[in-house]
Protein chains: 2
Amino acid sequence: MTFECVNIHFSWIIFSDETLRINMKKKDKITSIEVAQLAGVSQSTVSRSFSPESPVAVKTRERILGIANKIGYQPNAMARSLITQKSNIVGIVISNVTTNPFYPEVLDLLSRKFQQNGQKVMLFSVHRDQNLDDILPQLLEYQVDGILITAATLSSAMAFECQRWGTPLTLFNRYIPDSNASWFCCDNVAGGRLVGQMFIDSGHKSPAFLAGNEDTSTSIDREKGFMEIMVENGVKALKEVGNYNYNDAYAAAVRLVDRPDPVDAIFCANDIMAIGALDAIRSAMNMKVPEDVSIIGFDDIPMASWPSFNLTTVRQPVQSMVDDSVEDLISRINTPEKPPNHKVIMGELVIRGSSRISI
Amino acid sequence: MTFECVNIHFSWIIFSDETLRINMKKKDKITSIEVAQLAGVSQSTVSRSFSPESPVAVKTRERILGIANKIGYQPNAMARSLITQKSNIVGIVISNVTTNPFYPEVLDLLSRKFQQNGQKVMLFSVHRDQNLDDILPQLLEYQVDGILITAATLSSAMAFECQRWGTPLTLFNRYIPDSNASWFCCDNVAGGRLVGQMFIDSGHKSPAFLAGNEDTSTSIDREKGFMEIMVENGVKALKEVGNYNYNDAYAAAVRLVDRPDPVDAIFCANDIMAIGALDAIRSAMNMKVPEDVSIIGFDDIPMASWPSFNLTTVRQPVQSMVDDSVEDLISRINTPEKPPNHKVIMGELVIRGSSRISI
DNA sequence: CTTAAGTTTGCATAGGTATGCAAGTTTTCG
DNA sequence: CGAAAACTTGCATACCTATGCAAACTTAAG
């Protein structure tokens, strides 16, 4: 037996097993039509009252907004998006958010900046090697106005898919040649060279590179720049892999130092690994930084300046990379015919106490 | 003079100043109707083919999905939300994402877990003291199915607003008495007691509490538990404020130790402050941890176990707090009449090297 | 007071999907 | 083979807002 009582905002359903369930009907959403009725105007006028550019008599608009406010009306963004063909949502795909403190900062800045520009953020947090082919369709399904991908690798098939949808795509610290995606990267090759030169100039004889994940462009490029300098100076450099995390870097650092011909300088592809290496050399090997081994990182996360680490590192210009990325994406949202931008931004060597300066 | 040429996917507009602008029309979205035409079925059937529960002949569905796939059709989630009254979006409001490594982890776990449950995440990253009264309306405007707020304080007016909209609200490490929000918190009072008892049992004579932000319930509750134990044992405890960040904690720790009657134990309201205090005591004061001063933190962030810190701390059961929160929110989305849950989950004291154990 | 210009409003429709209902089709089984 | 049951499909409508167009109204100018 079913008993229903609509129109007064809830309904009873009596089940045969004598259980009484009170099923609060989802509070009927208040629509622009109800506001219109209360104000004695048409729905159009209510709608226009909510877009500042639309022409509505000042008095009318005030009255309508007053009523709307009183009964708690708010436009339905879904319906609006449907008709305007603009969702005002951007998708952000981010990885490494737990493993590298650099990325929470990036995420925070990105999300704030989009917010300031009136864009909502739909977030996907992924593993570094997670396949984005499942993620992008979800974003496109929600008609996002644009997509920003941080530190995760995208198949060029998916980049093409975005292009087909006409959804602009911006990459942060990644690039896809021959796609029509924009990208904004720290100049990783130059950063690597900076560090290499620093080691050479300060008289280090057996430097090493500690790689992140070997399939990431960031690690590859930092290594490339570093090794270029080594070759140019006829210096042989060792290499180990630390997978961009503390523990692996800790172990790798031990391997680099615990050998007949220990290294005297390690360039780590990010700060977290540099800190791991530093801890390993001090705690596990009982050696001194920078006296026995110089250590230089990459990113300049806040931790790098803490007294216990005092890490020399290559600072990524986060703020300007974020500004550039967001501005690019938003401008390409507003002007779809705009071509993608590619910008490589110089990092800055921040010299602290973890590296020797003189010979 | 304006010249327009629609129907062939772009239009020219010639401005009086002779500037030629080519305005690529946004690629027309492919709709279910087009798929229907190609498949020789009605739009209804196409729609049904995309909901596994809806009855469609197997052969028909295969053909439709094949065509859809070929021409790159994907349902429009906005339109779907409009009619189903379900957006499949949850709002997450998070703060401290850059200042406390605990929260990136929380965010990552939350976002993954929602994802697994088929919910998209709309993210707002805020400052701890930022007013959420501007944020919530934006979420409600997008018809989010539910809202989860982490470590940020919500006015009870806004909590009521959610209730009025029928949008379930779950708080993570915060609570609002007398609201109909759910909340899931670590048992901060009990955690404080745990630490207090530990200091007493191991014979510390002059302990101190290093508060986070004094207007947060987490800091208040941890202090409360700690001080209860002190009072019960007739011990006087000092207090300083570190605002949940490294630098302030560093300075506060110096003040606690650099006095005629220095403290011999500091309970810090989170791990980041504990690390700041630890650095201060070692680097700035040249004293030993735990020989001169014991330090205990709260959270058990990954860094706490690094050799250079080796921090004793109260572990927050992140995973189960996240699981509980997400499950609660989703179940209240699916069953709106469900009452809110309130759960306080015990933390666990993880004893490492930064605190003395014996007398 | 008349007319033109400017301002404000309403009508009607579009945006893309989901779904109750009824009609149509196929299968089942006696 | 016939009737009932089960399955498939199409029709029509609803979800809520924005906006082009024309009508109604107001103001300015003569």
Side-chain angles (χ1 to χ4, degrees), chain A residues 2 4 6 25-37 39-65 68 71-88 140-145 165, chain B residues 2 4 6-7 11 25-65 68 71-88 140-143 145 165:
Chain A
T2 301
E4 287 215 358
V6 279
K25 200 168 180 181
K26 187 151 196 173
K27 186 157 250 160
D28 294 318
K29 307 278 181 190
I30 300 163
T31 73
S32 55
I33 296 183
E34 298 174 46
V35 178
Q37 285 166 347
V41 297
S42 71
Q43 180 269 330
S44 319
T45 305
V46 175
S47 170
R48 280 191 269 260
S49 298
F50 279 86
S51 355
E53 329 79 59
S54 292
V56 178
V58 179
K59 247 195 79 172
T60 313
R61 170 171 276 140
E62 274 174 5
R63 187 161 44 93
I64 290 178
L65 293 183
I71 68 175
Y73 166 76
Q74 233 190 329
N76 181 324
M78 296 281 169
R80 189 201 309 139
S81 302
L82 190 56
I83 194 151
T84 59
Q85 308 277 49
K86 281 220 147 205
S87 61
N88 289 320
L140 296 175
E141 188 186 19
Y142 275 83
Q143 318 294 114
V144 293
D145 292 340
W165 276 69
Chain B
T2 300
E4 285 215 37
V6 280
N7 287 340
S11 59
K25 200 167 179 181
K26 187 152 194 168
K27 185 161 248 153
D28 293 318
K29 307 277 181 191
I30 300 164
T31 73
S32 56
I33 296 184
E34 299 174 45
V35 178
Q37 285 166 348
L38 287 173
V41 298
S42 72
Q43 180 270 330
S44 319
T45 305
V46 175
S47 169
R48 278 191 272 258
S49 298
F50 279 86
S51 352
E53 328 79 60
S54 290
V56 178
V58 178
K59 246 194 81 172
T60 312
R61 171 171 275 138
E62 275 173 4
R63 185 160 47 92
I64 291 178
L65 293 183
I71 68 173
Y73 167 76
Q74 233 192 328
N76 181 324
M78 295 281 170
R80 189 201 308 139
S81 302
L82 189 56
I83 193 151
T84 59
Q85 307 277 50
K86 280 221 148 204
S87 61
N88 289 319
L140 297 174
E141 189 186 17
Y142 275 84
Q143 318 294 116
D145 291 342
W165 274 69

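Residue numbering restarts at 1 for every chain, and letters A, B, ... go by the order of the sequence lines. Please read all numbers here as calculations on a predicted model, not as lab measurements.
Distance CD1 (I83(A)) to C1' (dT19(D)): 7 Å, rounded to an integer number of Å. Between the CG atom of N76(A) and the C1' atom of dG16(C) there is a distance of 14 Å, rounded to whole Å. Protein atom NZ of K59(A) is 14 Å distant from nucleotide atom C1' of dT26(D), rounded to whole Å. Counting to the nearest Å, the C1' atom of dT17(D) and the CD atom of E34(A) are 14 Å from each other. As a whole-Å value, the separation of L82(B) CG from dC16(D) P is 7 Å. Taking atom CD on E53(B) and atom P on dC7(D), their separation rounds to 16 Å, with Å as the unit. One interatomic measurement links the two molecules: NZ of K86(A) to P of dG15(C), which rounds to 18 Å at whole-angstrom precision. Regarding Q85(B), its CD atom lies at a distance of 13 Å from the C1' atom of dT19(C), rounded to whole Å.
When the side-chain nitrogen and oxygen atoms of T31(A) are compared with OP1 and OP2 of dC16(D), none of them lie within a distance under 4.0 Å. OP1 or OP2 of dC16(D) has not a single side-chain nitrogen or oxygen of Y142(B) nearer than 4.0 Å.
A donor-acceptor distance shorter than 3.5 angstrom exists from the side chain of T84(A) to the backbone of R80(A), with no hydrogens or angles considered.
The side chain of V41(B) sits closest to dG10(D) out of dC16(D), dA18(D), dG10(D). Of the listed nucleotides (dC16(D), dG15(C), dT17(C)), dT17(C) has the atom at the smallest distance from the side chain of S32(B).
The shortest distance between side-chain heavy atoms of I33(B) and Q37(B) falls below 4.5 Å.
Counting non-hydrogen atoms under 4.0 angstrom, P55(B) reaches a base of the nucleic acid. If you check every strand for non-hydrogen atoms under 4.0 Å, T60(B) touches sugar and phosphate atoms only.
No close placement of the Y142(A) and Y142(B) rings is indicated, their centers lying 6.0 Å or farther apart.
Checking V56(B) against I33(A), the closest nucleotide of DNA chain D that is more toward the 5' end is the one next to V56(B).
Closest non-hydrogen pair, Y73(A) versus T31(A), comes out as CE1-C, 3.4 Å. The two atoms that bring A77(B) and Q143(A) nearest to each other are N-OE1, 4.5 Å, heavy atoms only.
Taking R61(B) as the reference, nothing meets the salt bridge (Lys or Arg N to Asp or Glu O under 4.0 Å) condition, with sequence neighbours excluded.
In this structure, a donor-acceptor pair under 3.5 Å is present between the side chains of T45(A) and S42(A).
The stretch residues 43-51 of chain B comes close to DNA chain C through Q43(B), S44(B), S47(B), R48(B), each having a heavy atom under 4.0 Å from the strand.
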